[in-house]
Every structure is written in C-alpha cells, then in structure tokens.
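Order of appearance sets the numbers: ligands from 1, and atoms from 1 within every ligand.
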Amino acid sequence: MASGLPAFTVVGLPDKAVSEARERVRSALSAMGLALPPKRITINLAPADLLKEGSHFDLPIALGILAEMDVIGHDDIERFLVLGELGLDGSITKVGGVLPAAMEAGMQECGIICPNANGAEALWAGDLEILAPVSLVALINHFKGTQILPRPIRRDTDEINDFHGDLRDIKGQESAKRALEIAAAGGHNLLMSGPPGSGKSMLAARLPGILPDLDARQALETTVIHSVSGMLPEGGLIRTRPFRQPHHSASMPALVGGGCHFQQLLRLNNNCCDNLYVEFT
Ligand SMILES: Nc1ncnc2c1ncn2[C@@H]1O[C@H](COP(=O)(O)OP(=O)(O)O)[C@@H](O)[C@H]1O
Ligand SMILES: [Mg+2]
C-alpha cells in the first residue's frame, strides 16, 4: 500500500477470474463494514512470469489487505497457506485443489486456511493445522480469539464411484472373461477389438469390480486428481477404482493430459505421496 491516487491493481499475469478478485474483495470487506483505505494498493502475484488462474486467490488477497490495514496481525497469517473464493457478502466458498495444497503446506510445515466446504478434504493431508471458516468474519474472530474455529470433521464418501456392474452379468464370453481376470491379477493392459455390440464396453466397465482395492497411496493420488479437477464430493477420499469412458474421437492430449498443470501434478505426485500415510477407518 502506497500513497498516491486511490487504485487497486493486481499484477503478475492474472487471468480474468483473478483480476475480478478485486471486486469480490472490495465487496466482502464492505459487507463487514470496512472500506478499502484510500491508497494505491498493488497486489503482486509472484513469480511474475507464471500465468495465474482461478478464484482461490480471493482469500489470500483479502487477508493481505486486512493485515496491512492492521485488522489482523501479520504473524497470524504468516504460518498459513491460504486459498479460498470470496462471495460478495464475505462468505468463503468452495475451491478445487485443497488436498494438494494441504499436502504442500504439510511439507512446508505450515497450516492451511481453506473454505469450510473443503475442510474435511484437507484432513487427509495429515497432521497440520487447518482453519476452515465459513466467512471472513469467522476467520477474523478466530484470530482475535473471540470465536475459535473447530477442526473440521472427517467425512467419508464414495458417492462419485458409481457401480458399473458385475462380471457375472455377462453371458458366455468365457475367454474374454478369462483375459479380463488375468489382466486384473497381473496388472496388464488390455486392447479390446471386435464388432460393435459384441460387449467390449460392457466388459471394460466390469474390470474395476475385479481389481484389488486401492491402497492408501493410490487412494490419495486418485483423490488429489479429483480435487484439482474439482470433482471431489465434499470431504471424501476416493477408495474405489475410477472408471472413465472417453469418447473414441478424443485426442491424445485430451486423454493423457498436457500443459503446465499436468507437469505440476506429476511433480506433486512424485514429491508428496511418498511422504504421506493415510489410515483407513
Ligand atoms: N455376452 C453378453 N452378455 C450379456 N449382454 C451382452 C453380451 N454381449 C453384449 N451384450 C449386450 O449388448 C450391449 C452392447 O454391448 P457394448 O459393450 O456396448 O458393445 P461394444 O462396446 O463392443 O460395441 C451390452 O450393453 C449388453 O447389454
Ligand atoms: Mg463400445
């Protein structure tokens, strides 16, 4: 914050959603009865050469400004990794990627501040401090000590893992079923070839049912991917094998992924999952 004509700018290659954080932050603060100070406010998202996208920068931007306005202490937020989207009324709404962020926080030995709806998800990252407020006011009250936020409660859900049928529903096709079993037991790839309607999709959909359960590391890895893509049901750990049916005309990059996010995810998987241990209850 500097003196000069009042302005509020976000620099560091923000996309449209990040630039619009200004309006959400301004409105969320005024919902609490706080006005932005009449100063030149510059938000710098470092590193400056990396494109930033998503709405999860709202909360860290708001907290930075609140600390600068001395509403909360600088050392209150120093030991936290923060992400969350702000509503115009100061509520903090759900964002994707909380689990991998929490894993990173755990590695850097700091806590995490995330939306209330994502609190249970962050629990899977292990033993770190998690603040999951429903609103900006609740978070400020927590720092002031007037209303301490409870730790989120662990929740389990498998609801996105719809059941794709049982292998015993298939009539005949003994050699195809045997091939499926051998592939499942040995962890081999399968290439199905045959005329339309001969049951290829049907056989493939029943493969997850005979595969062994996910171990802790695989469950975490699967959950991280669902979390980043915003497909994770509230707080859940995915415990059953995912089954995807991409269209046959999908391109190679569409199937295996690509771009900067893919690289980040790979790095995260290699770094984090080894150090983590998930206990099934
Ligand atoms: N051996 C079989 N036993 C039971 N149903 C079968 C069998 N083969 C085919 N079907 C039926 O035919 C439908 C079409 O099969 P599908 O898996 O879509 O074929 P493909 O993917 O090879 O074109 C299946 O959903 C199933 O209802
Ligand atoms: Mg098919």
Are any of the side-chain nitrogens in Arg79 or Glu129 under 4.0 Å away from the carboxylate oxygens of its partner?
-> yes
Does Glu85 reach the side chain of Ile92, with side-chain heavy atoms less than 4.5 Å apart?
-> no
Provide, to 0.1 Å, the distance between atom 19 (O) of ligand 1 and the closest protein heavy atom, together with that atom's residue and name.
-> Gly199 N, 3.1 Å
Of Lys177, Gln173, Lys200, the one whose closest heavy atom lies nearest atom 22 (O) of ligand 1 is Lys200
Backbone or side chain, does Met202 get an N/O/S atom under 2.8 Å to the Mg ion (ligand 2)?
-> no
Which residue supplies the protein heavy atom nearest to atom 4 (C) of ligand 1, what is that atom called, and how far is it?
-> Lys171 N, 3.7 Å
From atom 18 (O) of ligand 1, work out which of Ser193, Gly194, Ser201 has a heavy atom at the shortest distance.
-> Ser201
Contact (N/O only, under 3.5 Å) between Gly197 and ligand 1 = yes
Near Pro196 (heavy-atom distance under 4.0 Å), the atoms of ligand 1 are 23 (O)
Could any protein non-hydrogen atom be found less than 4.0 Å from atom 15 (O) of ligand 1?
-> yes
Hey, are Arg178 and Glu174 close enough for a salt bridge, meaning a charged N less than 4.0 Å from a carboxylate O?
-> no
Heavy atom of Gly172 under 4.0 Å from ligand 1?
-> no
Distance col, row Thr146:OG1 vs Ile140:CD1, nearest 0.5 angstrom, shows 10.0 Å
Could you give the distance from CG (Leu86) to CD1 (Ile61), rounded to the nearest 0.5 Å?
-> 9.0 Å
Expected output: side-chain Lys94 to main-chain Asn118 donor-acceptor under 3.5 Å | no
Taking atom 17 (O) of ligand 1 as the point of reference, which of Arg206, Glu174, Met202 owns the nearest heavy atom?
-> Met202
Between Gln245 and Ser201, a side-chain donor and acceptor under 3.5 Å = no
